[in-house]
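What follows is one structure encoded as structure tokens, with my remarks underneath.
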Protein chains: 2
Amino acid sequence: MGMGRPREFDAEMALDQAMEVFWRHGYEGATIAQLTEAMGINPPSLYACFGNKEGLLKAALDRYTKLRGVWMDEVVAAPTAREVAERMLMGIADKQTDPANPPGCLLVQGGIACGTGSENVPFELAARRAQNEDQLRDRFVRAKAEGDLKESADPAALARYVSAVAVGMGVMASSGADREALRQVADVAVQAVEAQSAAEERRVAGLRG
Amino acid sequence: MGMGRPREFDAEMALDQAMEVFWRHGYEGATIAQLTEAMGINPPSLYACFGNKEGLLKAALDRYTKLRGVWMDEVVAAPTAREVAERMLMGIADKQTDPANPPGCLLVQGGIACGTGSENVPFELAARRAQNEDQLRDRFVRAKAEGDLKESADPAALARYVSAVAVGMGVMASSGADREALRQVADVAVQAVEAQSAAEERRVAGLRG
DNA sequence: CCACATCTGTAGTGAACACTACATATCTGG
DNA sequence: CCAGATATGTAGTGTTCACTACAGATGTGG
């Protein structure tokens with residue numbers, strides 16, 4: 001038996017376009033008409049390929065987090081917790097104001113609150129944000145074990161903190177904050193992580209005695 | 001001429017109910033049916049009183065920011081920049097997890113991204129968030145003038161930073177973070193403000209020389 | 001008690017929404 | 001070249017949306 005007519009569009013390219021629509025308008029604000037037009041296909045092709053609107057969102061999120069995961073790996077490869085935070089937040093300041101993309105972060109813009117029938121969309125986004133937080137926490141646990149973070153540091157709290165700042169920056173970016181403003185936020189934010197570093201602790205202790 | 005039939009509902013009580021619906025479902029996710037049911041009125045009463053859905057949102061935001069403004073006044077009344085940040089972020093940790101309200105912050109939950117026809121809703125929310133940020137900035141300008149913040153401190157950047165953390169905490173709260181988790185974030189965040197204090201600078205300088 | 005003005009409840013309005021039936025087109029395996 | 005399988009484009013489907021026409025109710029000023 002034959003394997004049927006092949007699809008005439010590139011699913012990944014179409015996903016990139018869908019991602020941008022969700023990114024700009026959010027899940028509920030994005031309409032199937034906008035999505036299909038951006039993807040260059042008709043509704044039946046969309047539904048045959050992705051199931052429904054929520055399936056399309058999940059596929060777009062998979063692609064987004066996959067691309068982002070490569071970058072996050074570079075972030076946590078930084079030698080110290082302080083530099084991890086700096087790379088992460090400075091990188092976010094740049095990425096969230098990159099004119100090649102809609103402002104902000106898809107994991108925030110996608111939908112913080114949704115109406116009846118889409119309640120699990122915010123959960124879905126939260127789960128993806130939590131993955132980033134877990135990756136940061138693991139890195140900070142290592143930093144503490146290595147003596148990079150001081151003994152009293154709480155890796156989970158630090159990871160939550162960096163995550164929270166990242167999300168806050170995303171919201172500010174989507175409401176018009178420019179790159180310089182976000183970098184200033186990142187710069188201040190990093191100082192809280194620095195305050196947890198063992199090197200900083202030793203520096204002050206050395207001055208003291 | 002007569003002044004017509006008096007309205008049979010309390011506009012402020014109705015607004016409180018509408019506020020909660022917007023808070024929980026966002027602007028686009030909230031339907032007129034949900035709003036009218038929560039407010040205990042019928043659509044014509046809503047439209048006669050508030051114009052349209054967006055007018056109702058603005059009225060709810062006015063009420064929200066008015067109540068919040070009282071609290072913000074207490075926050076900026078703290079004696080030092082560090083304590084301003086601490087009161088603000090610790091208070092937010094508590095308020096955003098208060099079971100009496102939906103989790104998170106209306107100024108974030110209301111709508112970060114919206115569809116065609118509601119583009120100004122995110123702007124409206126951003127403008128209200130900016131008011132808080134301005135109030136913080138003014139307070140930090142004063143703190144710098146008073147010698148509370150060190151000479152190299154940037155009050156605008158600090159205010160943006162505290163605002164960003166507050167927003168990030170709001171998103172985390174709405175996706176299930178509990179009070180203790182938010183307090184940990186606030187605790188770390190405050191340390192960045194502390195690092196900008198003149199007292200901290202003097203303490204380190206005193207140790208050095 | 002009457003003219004007028006405003007509110008309220010019922011019952012819709014057209015538009016936009018996510019989604020799909022169906023006929024047609026294009027492939028593979030035999 | 002045919003049968004089965006999958007994709008595509010056209011043209012809808014029913015539902016839900018924000019919003020309102022209208023008639024009756026309830027107030028004030030004369």
Side-chain angles (χ1 to χ4, degrees), chain A residues 1-15 17-19 21-22 24-60 110-111 113-122 124, chain B residues 1-15 17-19 21-22 24-60 110-111 113-122 124:
Chain A
M1 346 217 162
M3 50 177 264
R5 176 174 174 178
R7 90 164 40 105
E8 295 180 359
F9 63 95
D10 181 321
E12 288 208 331
M13 284 188 186
L15 263 186
Q17 302 307 314
M19 191 170 77
V21 175
F22 283 132
R24 198 174 296 280
H25 299 289
Y27 176 74
E28 291 194 299
T31 69
I32 297 291
Q34 287 173 325
L35 290 164
T36 52
E37 184 182 352
M39 298 167 85
I41 61 177
N42 289 306
S45 297
L46 190 159
Y47 284 89
C49 191
F50 301 104
N52 56 17
K53 191 183 176 184
E54 200 171 323
L56 176 62
L57 174 72
K58 286 183 183 173
C114 277
T116 313
S118 308
E119 294 93 347
N120 45 337
V121 167
E124 189 73 25
Chain B
M1 351 191 170
M3 51 179 266
R5 176 175 175 178
R7 96 164 34 108
E8 295 180 0
F9 64 95
D10 181 322
E12 288 206 332
M13 284 188 185
L15 263 186
Q17 302 306 314
M19 193 171 75
V21 175
F22 283 132
R24 199 174 294 280
H25 298 290
Y27 176 75
E28 291 195 299
T31 70
I32 297 291
Q34 286 173 325
L35 289 164
T36 52
E37 184 183 353
M39 299 166 84
I41 61 178
N42 290 306
S45 297
L46 190 160
Y47 284 89
C49 191
F50 302 105
N52 56 18
K53 190 183 177 184
E54 200 171 324
L56 176 62
L57 175 71
K58 286 182 182 172
C114 278
T116 312
S118 308
E119 294 93 346
N120 45 338
V121 167
E124 188 74 26

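So that the names make sense, note that chain A is the first sequence line, chain B the second, and so on, each numbered from 1. All values reported here derive from a predicted model rather than from experimental measurement.
dT16(D) atom C1' lies 15 Å from atom CG of L35(B), rounded to whole Å. The interatomic distance linking I32(B) (CD1) with dT13(C) (C1') rounds to 15 Å, in whole Å. Atom P of nucleotide dG9(C) and atom CZ of R7(B) are separated by 13 Å, given to the nearest angstrom. What separates CD1 of I41(B) from P of dA18(D) is a distance of 14 Å, to the nearest Å.
A donor atom on one side chain and an acceptor atom on the other are found under 3.5 Å apart for T116(A) and Q34(B).
Geometrically, R24(A) does not engage F22(A) in a cation-pi contact defined by less than 6.0 Å to the ring centre and at most 45° from the axis.
Phosphate proximity of dC19(C) to Y47(A): present, with a side-chain N or O under 4.0 Å from OP1 or OP2. Phosphate proximity of dA7(D) to S45(A): absent, as no side-chain N or O sits under 4.0 Å from OP1 or OP2.
Which of dC17(C), dT28(C), dT6(C) sits closest to the side chain of R5(B) comes down to dT6(C). With distances taken from any side-chain atom of N52(B) to the nucleotides dT26(C), dA18(C), dC19(D), the minimum falls on dC19(D). Closest to the side chain of E8(B), from the set dT8(C), dC19(C), dA25(C), is dT8(C). Set against dT10(C), dG24(D), dC19(D), the side chain of P44(B) has dT10(C) as its closest nucleotide. Taking the side chain of T31(B) as heavy atoms from C-beta on, and the options dT8(D), dT8(C), dA18(D), the nearest nucleotide is dA18(D).
The nearest heavy atom of DNA chain D to P6(A) and to Y27(B) marks one nucleotide each, and the one closer to the 5' end goes with P6(A).
Other residues, nucleotides and ligands contribute only 12 or fewer heavy atoms inside 6.0 Å of the CD atom of E37(B).
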